[in-house]
Amino acid sequence: MKAAVLRAPNDLALTTIPTPQAGPGELVLRMRAAAVCGTDMRILTGKKTKGVRFPSVIGHEFAGEVVDVGTGVAAFRTGDRVCVDPVIPCRACAYCKASRENVCLNRQAIGYEFDGGFAEYVRIPAIALQAGNVFRIPQGMSFEAAALAEPLACCVNGQRNAQVQLGDSVLVLGAGPIGLMHAALARSAGARQVIISEPNAMRRQAAIERGVDAVCDPLNESLEALVHARTDGLGVDVAILAIGVPALANEALTLVRKGGRVNLFAGFSAGATGTIDVNLIHYNEILVSGASALTRRDYELALHLLAGEKVSAASLITHRYAVDEALGAFEKAATGQALKVALIND
Ligand SMILES: [Zn+2]
Ligand SMILES: [Zn+2]
């Protein structure tokens with residue numbers, strides 16, 4: 001089969017590798033849609049290394065059709081349309097037992113420890129089936145939309161950590177696909193208003209089209225002035241970093257009101273450090289949280305939200321490439337001119 005094989009950092013090659021076959025307890029999917037994630041771009045450039053193997057096939061946001069069913073698998077059959085939560089928890093460690101399987105000590109993930117979606121076929125390991133990580137795509141939902149259940153589920157986790165509530169003013173820094181998902185989820189949660197800050201004009205326009213209440217071009221206007229004008233000078237209740245720039249963490253601390261919440265959602269480059277005014281957290285009683293991956297429950301909820309059109313994720317995919325053209329897909333994703341880029345295997 002054709003696959004985009006990551007041979008080393010900054011060395012991605014379109015090559016032919018053996019088509020996987022389903023061993024006992026496994027499935028093989030024909031990949032139908034696999035979206036490129038910001039994390040993939042950080043893996044490609046060597047900025048994210050945890051769990052990454054060489055050579056390997058990355059890609060953890062995908063959906064497909066079952067084409068090979070291993071012995072002992074009763075729940076799925078050939079032709080089933082499925083999508084997969086790529087993060088497989090061990091279900092036995094201290095964190096799994098404490099309902100924090102997203103930070104499982106022994107977690108393995110498809111697209112990391114197991115080959116992922118940037119290929120014509122994907123083998124789903126038996127432990128993923130045993131853990132219930134394979135989901136049927138709801139009727140009427142496209143493969144593309146289903147592929148976005150993973151990033152949306154990560155945002156569900158982040159929103160929970162940020163404690164977005166009815167009536168909140170929410171600021172999202174960054175209007176890439178993740179920022180736009182956060183904006184949609186905040187609105188669904190009953191936010192009074194959603195403000196987005198984004199230097200890229202195309203992305204600001206995408207935010208406006210999706211109904212956010214205010215957008216800011218931080219290179220040409222004062223975000224602080226905008227936030228204060230819209231919040232009686234108090235600041236927002238919640239700020240979410242949907243872009244991994246360490247300096248923005250401190251800026252977010254200055255933009256939330258006393259008792260506000262800041263969620264550092266986007267991952268930063270390995271080893272990144274930043275400077276923060278610690279007194280902002282102290283005197284303003286700000287709650288700072290992070291966000292790592294997703295739980296199986298988040299994934300299922302994200303699928304329901306997509307099925308109910310609470311989030312119109314499919315419209316976030318702006319560029320599509322065949323597996324043959326995978327390298328072009330990553331080049332496009334790197335330009336920042338796209339929202340979501342996906343490989344499509346019709
Ligand atoms: Zn992702
Ligand atoms: Zn665990």
Side-chain angles (χ1 to χ4, degrees), residues 1-7 13-37 40 43 51-92 101 104 106-139 141-150 153 293-296 299-300 302-303 322-324 326 342-346:
M1 67 171 179
K2 286 177 221 142
V5 175
L6 182 64
R7 300 187 294 199
L14 184 73
T15 55
T16 301
I17 59 174
T19 301
Q21 294 188 324
E26 298 178 344
L27 293 177
V28 170
L29 313 185
R30 193 164 106 81
M31 184 279 280
R32 296 294 304 274
V36 177
C37 174
D40 295 321
I43 292 171
V52 178
R53 295 170 298 123
F54 304 106
S56 71
V57 178
I58 63 170
H60 56 268
E61 303 177 359
F62 61 92
E65 194 179 327
V66 175
V67 291
D68 190 8
V69 179
T71 54
V73 176
F76 296 96
R77 57 178 61 182
T78 302
D80 282 351
R81 288 159 25 94
V82 297
C83 52
V84 183
D85 169 358
V87 176
I88 309 158
C90 78
R91 295 171 284 159
E101 67 181 46
C104 167
N106 311 305
R107 80 177 203 197
Q108 300 185 83
I110 302 173
Y112 295 83
E113 286 84 0
F114 300 100
D115 277 355
F118 299 143
E120 290 178 295
Y121 296 90
V122 189
R123 186 178 66 87
I124 308 302
I127 54 167
L129 279 106
Q130 288 157 10
N133 281 58
V134 183
F135 294 78
R136 255 170 242 289
I137 298 174
Q139 280 242 319
M141 185 186 291
S142 67
F143 288 108
E144 289 185 12
L148 296 189
E150 192 275 343
L294 70 159
T295 64
R296 291 164 293 171
Y299 191 93
E300 190 157 44
L303 261 189
V323 176
D324 264 346
L343 296 189
I344 304 296
N345 190 25
D346 285 329

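Index from 1, following the sequence. Every heavy atom of this structure was used, including side-chain atoms; hydrogens, water molecules and symmetry mates were not.
Atom-to-atom distance recorded for Y121:OH and D68:CG is 10.5 Å, nearest 0.5 angstrom. Rounded to the nearest 0.5 angstrom, I137 CD1 and F143 CZ are separated by 5.0 Å. With rounding to the nearest 0.5 angstrom, the CG atom of L343 is 11.0 Å from the CD atom of E144. Atom-to-atom distance recorded for F62:CZ and C37:SG is 13.0 Å, nearest 0.5 angstrom. Between the OG atom in S56 and the CZ atom in R7 there is a gap of 12.5 Å [rounded to 0.5 Å]. To the nearest 0.5 Å, atom CG of residue L6 and atom CZ of residue F54 are 5.0 Å apart.
A salt bridge is defined here as a Lys NZ or Arg NE, NH1 or NH2 lying under 4.0 Å from an Asp or Glu carboxylate O, and K2 with D324 meets this definition. Salt-bridge check for E113 with R53: failed, with every basic side-chain N at 4.0 Å or more from each acidic carboxylate O. Using a 4.0 Å cut-off between charged nitrogen and carboxylate oxygen, E120 and R30 do not count as a salt-bridge pair.
Each of I344, V122, V57 was scored for a side-chain contact (heavy atoms from CB on, under 4.5 Å) with M31, with one residue passing: V122.
By the 4.5 Å heavy-atom criterion applied to side chains, R77 and V66 are not counted as neighbours. You'll find the side chain of C83 reaches within 4.5 Å of the side chain of L303, heavy atoms only. Annotation: side chain of R91 is not in contact with side chain of E101 (no heavy-atom distance under 4.5 Å). A heavy-atom distance below 4.5 Å is found between the side chains of V82 and F76. Residues R32 and S142 are not in side-chain contact: their nearest non-hydrogen atoms beyond the backbone lie 4.5 Å or more apart.
Checking side-chain atoms of Y299 against main-chain N and O of V84 turns up a donor-acceptor pair under 3.5 Å. Remark: the backbone N or O of D85 is paired with a side-chain donor or acceptor of N133 at under 3.5 angstrom.
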Self-check item: E150/L294 under side chain to side chain contact (heavy atoms under 4.5 Å, CB included): CA gap, chis, key distance, verdict
Solution: CA-CA 8 Å; E150 192 275 343; L294 70 159; 3.7 Å; yes

Exercise. Let me see the working for D115 and R123 under salt bridge (charged side-chain N to carboxylate O under 4.0 Å, His left out), right down to the final yes or no.
Key: CA-CA 7 Å; D115 277 355; R123 186 178 66 87; over 6 Å; no

Exercise. Carefully, step by step, assess E26 and V73 under the rule side chain to side chain contact (heavy atoms under 4.5 Å, CB included).
Key: CA-CA 7 Å; E26 298 178 344; V73 176; 5.9 Å; no

Quiz item: Given Q130 and I127, is the side chain to side chain contact (heavy atoms under 4.5 Å, CB included) satisfied, shown in steps?
Solution: CA-CA 5 Å; Q130 288 157 10; I127 54 167; 3.8 Å; yes

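A search for salt bridge (charged side-chain N to carboxylate O under 4.0 Å, His left out) contacts involving R81 returns nothing, not counting sequence neighbours. Judged as a ring-ring contact (aromatic ring centres under 6.0 Å, His included), and not counting sequence neighbours, F114 has no contacts. Qualifying salt bridge (charged side-chain N to carboxylate O under 4.0 Å, His left out) partners for R107, counting only residues two or more places apart in sequence or in other chains: none.
Taking each heavy atom of P24 and A126 in turn, the nearest pair found is O-CB, 4.0 Å. When all heavy atoms of I88 and A131 are compared, the pair lying nearest together is CG2-CB, 4.3 Å. Pairing each heavy atom of E61 with each of A147, the nearest pair is CB-O, 3.4 Å. The shortest non-hydrogen separation linking I110 to G116 is CG2-CA, 3.9 Å. When every heavy atom of E65 is checked against every heavy atom of G79, the shortest pair comes out as CG-O, 4.0 Å. In terms of heavy-atom proximity, I17 sits nearest to A3 at CD1-CB, 3.7 Å.
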